[in-house]
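What follows is a set of notes on a single structure, which appears directly below.
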Amino acid sequence: MKLTQQQKDAIQLEFTSCKSIEELVSLLNKINDWRYENPYWNLSKQEITVQNLNYFLYGKKDKYRTFEIPKKSGGKRKITAPHQFLNMVQRLLNICFQVCFTPMPTATGFVEGRSIVDNAQKHVGK
């Protein structure tokens with residue numbers, strides 16, 4: 001998701017000054033609204049509330065589902081994927097973290113403009 005500098009500044013200000021779960025939920029909903037302004041996203045909007053966030057944090061037992069997919073080399077790979085709502089919250093929090101924190105130069109995972117290829121290149125021939 002591409003954000004304008006104005007949106008990034010707003011996220012940084014609000015995220016770093018959050019004092020309650022209600023303020024965090026408000027910020028996450030604001031970022032979520034920006035996602036729906038893009039006509040190319042085909043998403044069904046789900047509102048985040050303190051109640052459903054608390055349910056996923058403390059009440060829901062099956063937050064993740066596990067399944068297997070075949071590997072190219074044979075065998076199976078075990079995948080553990082979060083529930084759709086939890087995945088959305090994690091993605092929105094990731095946007096907050098990316099805006100507010102500068103990763104180490106050696107970090108490649110979940111950093112915009114870096115990939116697993118960047119990570120692998122450091123280890124070629126070792």
Side-chain angles (χ1 to χ4, degrees):
M1 175 177 152
K2 290 284 185 195
L3 296 169
T4 65
Q5 189 58 48
Q6 185 178 4
Q7 289 170 325
K8 289 178 182 181
D9 292 343
I11 290 170
Q12 187 169 24
L13 180 65
E14 287 185 48
F15 188 67
T16 56
S17 65
C18 276
K19 301 262 190 279
S20 67
I21 187 121
E22 290 82 10
E23 290 176 359
L24 178 61
V25 166
S26 174
L27 174 60
L28 295 179
N29 279 315
K30 184 184 295 187
I31 298 168
N32 203 23
D33 288 343
W34 291 334
R35 293 171 65 199
Y36 290 95
E37 289 175 3
N38 186 335
Y40 298 104
W41 282 64
N42 186 14
L43 302 167
S44 57
K45 187 172 181 182
Q46 186 172 6
E47 192 75 15
I48 301 168
T49 65
V50 172
Q51 183 179 1
N52 59 23
L53 191 57
N54 279 329
Y55 172 71
F56 268 87
L57 288 172
Y58 306 112
K60 183 161 176 56
K61 299 289 183 217
D62 301 325
K63 295 175 178 86
Y64 292 83
R65 65 184 178 97
T66 302
F67 57 95
E68 292 182 341
I69 59 172
K71 290 177 164 182
K72 279 185 182 179
S73 60
K76 297 192 183 266
R77 173 172 284 118
K78 185 177 175 180
I79 304 293
T80 303
H83 183 279
Q84 184 179 4
F85 175 81
L86 184 57
N87 190 353
M88 176 187 64
V89 171
Q90 289 171 338
R91 288 178 186 272
L92 295 170
L93 285 171
N94 186 37
I95 291 169
C96 293
F97 294 143
Q98 285 184 0
V99 167
C100 295
F101 302 104
T102 304
M104 298 286 291
T106 54
T108 57
F110 303 99
V111 178
E112 193 173 317
R114 300 181 198 169
S115 70
I116 59 172
V117 173
D118 298 321
N119 182 51
Q121 285 174 337
K122 296 174 188 173
H123 302 283
V124 171
K126 303 285 186 203

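Note that the structure is predicted; figures quoted are calculated from it, not measured.
Of all non-hydrogen atoms in K122 and K126, the two that sit nearest each other are O-CE, 3.4 Å. Closest of all the heavy-atom pairs between L3 and W34 is CD2-CE3, 4.1 Å.
Between the side chain of E23 and the backbone N or O of K19 there is at least one donor-acceptor pair closer than 3.5 Å.
Side-chain contact between I48 and M88 is present, with heavy atoms from C-beta onward closer than 4.5 Å. A 4.5 Å side-chain heavy-atom check between F15 and I31 finds every atom pair outside the cut-off.
One hydrophobic cluster holds both Y58 and L24 under the rule that ILVMFWY side chains link at heavy-atom gaps under 4.5 Å.
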* Could you go through the side chain to side chain contact (heavy atoms under 4.5 Å, CB included) check for E47 and N29 one step at a time? => CA-CA 7 Å; E47 192 75 15; N29 279 315; 3.3 Å; yes
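With sequence neighbours excluded, no residue forms a side chain to side chain contact (heavy atoms under 4.5 Å, CB included) with L13. In this view, S26 satisfies the side chain to side chain contact (heavy atoms under 4.5 Å, CB included) rule with no residue, not counting sequence neighbours. In this structure K30 satisfies the side-chain hydrogen bond (donor to acceptor under 3.5 Å, both in side chains) test together with E14, sequence neighbours excluded. D9 pairs by the side-chain hydrogen bond (donor to acceptor under 3.5 Å, both in side chains) definition with Q5, not counting sequence neighbours.
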Can I get a per-line list of side-chain donor-acceptor pairs under 3.5 Å for residues 63-75, giving both atom names and the distance, sequence neighbours left out?
unit_1	atom_1	unit_2	atom_2	d
K63	NZ	F56	O	3.3
K63	NZ	K60	O	2.8
Y64	OH	Q90	NE2	3.1

Taking distance alone, no hydrogens or angles, what donor-acceptor pairs closer than 3.5 Å link side-chain atoms of residues 91-105 to residues at least two apart or in another chain?
unit_1	atom_1	unit_2	atom_2	d
R91	NE	N87	OD1	3.1
Q98	NE2	F110	O	2.7

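Enclosure of atom NZ in K78 is not indicated, since only 12 or fewer non-hydrogen atoms of other residues, nucleotides or ligands lie within 6.0 angstrom.
Rounded to the nearest 0.5 Å, atoms CG (L28) and OG1 (T49) are 11.5 Å apart.
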